[in-house]
S.K.: 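The structure's right below; bear with me while I get my questions together.
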Amino acid sequence: MPYAFLSRLKILLLLTGLAAPALAQVPLTPAPLAAADTTHKYENPSGVSSAVRKPFFQRKLVRASIVPAILIGYGAYTFNGGGFYTNQDANRDIHRLFPTYRTHLDNYLQFAPYLELGAVVLAGVASRNDRINLGLVVLKSELLMLTSVYVVKTLSHEERPDGSDNLSFPSGHTAQAFLAASIVHTELRDQSPWYGIGAYTIATGVGVLRMVNTKHWQSDVVAGAGFGILSAHLAYLTHRNRWGRKAIGRDVGLVPSYYGGAPGLCLTWRPR
């Protein structure tokens with residue numbers, strides 16, 4: 001009996017000795033977990049997946065250029081007597097319908113869409129942009145149109161149908177009318193499409209009158225419409241609307257200054 005007891009005690013001690021090293025390897029308090037990799041956490045803070053890049057033909061600039069490109073392309077195609085329906089054919093048909101009619105109405109109608117826009121806005125109809133932003137868009141589009149039309153007129157050097165000068169292509173009157181009509185359509189299309197329809201009708205009349213008055217060929221008028229629409233579209237695409245609908249006085253300040261021995265005021269402006 002004592003021998004059996006001693007044998008069991010030896011076996012128990014042996015098992016305890018084998019287990020002790022294993023238990024000693026386990027710490028009483030686990031080590032803190034390694035910090036997660038945060039090197040990319042600022043690349044997409046919101047966690048929203050990035051937008052899929054739109055196909056080329058669905059981009060804003062491409063869609064805004066389709067109609068103007070067609071109009072300018074047709075004008076270039078029929079320029080200087082080209083095309084299946086030449087400038088001479090169109091001029092002959094126009095004056096067959098209006099053999100002796102002449103008018104200066106086109107000089108005034110080219111700005112009529114602006115008058116329409118002003119009257120509607122003053123009547124209380126909400127436009128797409130507030131008056132400050134609308135003025136900035138008009139100014140930018142006018143600069144784009146006048147510059148592009150002047151450059152192309154100078155380079156093309158096409159003689160007018162009446163032979164008065166060599167600044168026929170494209171028609172500046174038509175470009176002006178379609179520019180204003182495009183702005184009317186963009187600003188008021190959410191209210192009613194008829195505002196834009198009326199403005200484009202006036203602009204088309206201006207183009208017809210330019211041919212009736214033998215001041216332009218059909219290529220000049222069609223291309224001029226394209227230049228006008230394109231200038232308006234580019235002005236809207238590049239407008240950042242930084243003035244918003246808030247007062248700008250909080251971003252403008254006057255600071256006293258002293259420079260070159262003379263006191264003065266320094267105007268500071270912080271764009272939003």
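Reckoned from all heavy atoms, side chains included, excluding hydrogens, waters and symmetry mates.
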S.K.: Can you give me every donor-acceptor pair (side chain of residues 70-80, partner residue at least two apart or in another chain, under 3.5 Å) with its distance?
M.R.:
residue, atom, partner, partner atom, Å
Tyr74, OH, Gln218, OE1, 3.4
Thr78, OG1, Tyr74, O, 3.0
Thr78, OG1, Gly75, O, 3.4

S.K.: CG/Asp106 to NZ/Lys215 distance, rounded to the nearest 0.5 angstrom?
M.R.: 9.5 Å

S.K.: Rounded to the nearest 0.5 Å, what separates atom CZ in Arg63 from atom CG in Leu237?
M.R.: 9.5 Å

S.K.: Taking all heavy atoms of Gly81 and all of Thr86, pick out the closest pair and write down the distance.
M.R.: O-CG2, 3.4 Å

S.K.: Indicate yes or no: does Asp220 engage Arg210 in a salt bridge with an N to O separation below 4.0 Å.
M.R.: no

S.K.: Please find the pair of heavy atoms, one from Ala181 and one from Pro113, that lie closest to each other, and give the distance.
M.R.: N-CB, 3.8 Å

S.K.: Not counting sequence neighbours, which residues clear side chain to side chain contact (heavy atoms under 4.5 Å, CB included) with Leu146? List them please.
M.R.: Glu142

S.K.: Is there a path from Ile197 to Leu117 through hydrophobic residues (I, L, V, M, F, W, Y) whose side chains come within less than 4.5 Å of each other?
M.R.: no

S.K.: Tell me, do Val149 and Lys153 make a side-chain contact under 4.5 Å, heavy atoms counted?
M.R.: yes

S.K.: Assigning hydrophobic clusters by single linkage (Ile, Leu, Val, Met, Phe, Trp, Tyr; side-chain heavy-atom cutoff under 4.5 Å), is Leu134 placed with Tyr114?
M.R.: yes

S.K.: If you measure from CG on Leu167 to OG1 on Thr154, what distance do you get to the nearest 0.5 Å?
M.R.: 6.5 Å

S.K.: For Thr238 and Leu234, indicate whether the former's side chain and the latter's backbone hold a donor-acceptor pair under 3.5 Å.
M.R.: yes

S.K.: Measuring from atom NE2 of His216 to atom OG1 of Thr174, what distance do you get when rounded to the nearest 0.5 angstrom?
M.R.: 6.0 Å

S.K.: CZ of Arg160 to OG1 of Thr214: how many Å apart, nearest 0.5 Å?
M.R.: 10.0 Å

S.K.: For the residue pair Val138 and Ile183, what are the closest heavy atoms and their distance?
M.R.: CG2-CD1, 3.9 Å

S.K.: Can a side-chain donor-acceptor contact be found between Asp93 and Tyr85 if the only test is distance below 3.5 angstrom?
M.R.: yes

S.K.: Applying side chain to side chain contact (heavy atoms under 4.5 Å, CB included), name anything that partners Val125, two or more places apart in sequence or on another chain.
M.R.: Val120, Leu188, Gln191, Tyr195

S.K.: Do the side-chain N and O atoms of His157 and Asn166 include a donor-acceptor pair separated by under 3.5 angstrom?
M.R.: yes

S.K.: Is the backbone of Val137 close enough, under 3.5 Å, to the side chain of Ser141 for a donor and an acceptor to pair up by distance?
M.R.: yes

S.K.: Going through the checks in order, is the side-chain contact (heavy atoms from CB on, under 4.5 Å) test met by Glu187 and Asn129?
M.R.: CA-CA 7 Å; Glu187 291 293 329; Asn129 290 294; 2.9 Å; yes

S.K.: Identify whether the distance between the nearest side-chain nitrogen and carboxylate oxygen of Asp190 and Arg128 falls below 4.0 Å.
M.R.: no

S.K.: Taking a hydrophobic cluster as the set of Ile, Leu, Val, Met, Phe, Trp and Tyr residues connected by side-chain heavy atoms closer than 4.5 Å, whether directly or through intermediates, do Val206 and Phe111 fall within one such cluster?
M.R.: no

S.K.: What are the two closest non-hydrogen atoms of Phe84 and Asp89, and how far apart are they?
M.R.: O-OD2, 4.4 Å

S.K.: Any link between Leu115 and Leu109 through a network of hydrophobic side chains (Ile, Leu, Val, Met, Phe, Trp, Tyr) touching at under 4.5 Å?
M.R.: no

S.K.: Donor-acceptor pairs under 3.5 Å, side chain of residues 225-233 to any protein atom, not counting sequence neighbours: which ones?
M.R.:
residue, atom, partner, partner atom, Å
Ser231, OG, Met145, N, 3.3
Ser231, OG, Phe227, O, 2.8
His233, ND1, Ala64, O, 2.7

S.K.: What residue pairs, at least two apart or across chains, pass side-chain hydrogen bond (donor to acceptor under 3.5 Å, both in side chains) with a residue in residues 94-105?
M.R.: Asn91-His95

S.K.: Ignoring hydrogens and geometry, is there a side-chain-to-backbone donor-acceptor pair from Trp217 to Phe169 under 3.5 Å?
M.R.: no

S.K.: For Leu155, what are the other residues in its hydrophobic cluster, where any two members join if their side-chain heavy atoms are less than 4.5 angstrom apart?
M.R.: Val151

S.K.: Taking all non-hydrogen atoms of both residues into account, name the closest pair between Asn87 and Glu158 and its distance.
M.R.: ND2-OE2, 4.0 Å

S.K.: Can you give me the closest heavy-atom contact between Ala235 and Leu144, atom names plus distance?
M.R.: N-CD1, 4.0 Å

S.K.: Linking I/L/V/M/F/W/Y whenever any side-chain heavy atoms sit under 4.5 Å apart, do Leu209 and Ile94 land together?
M.R.: yes

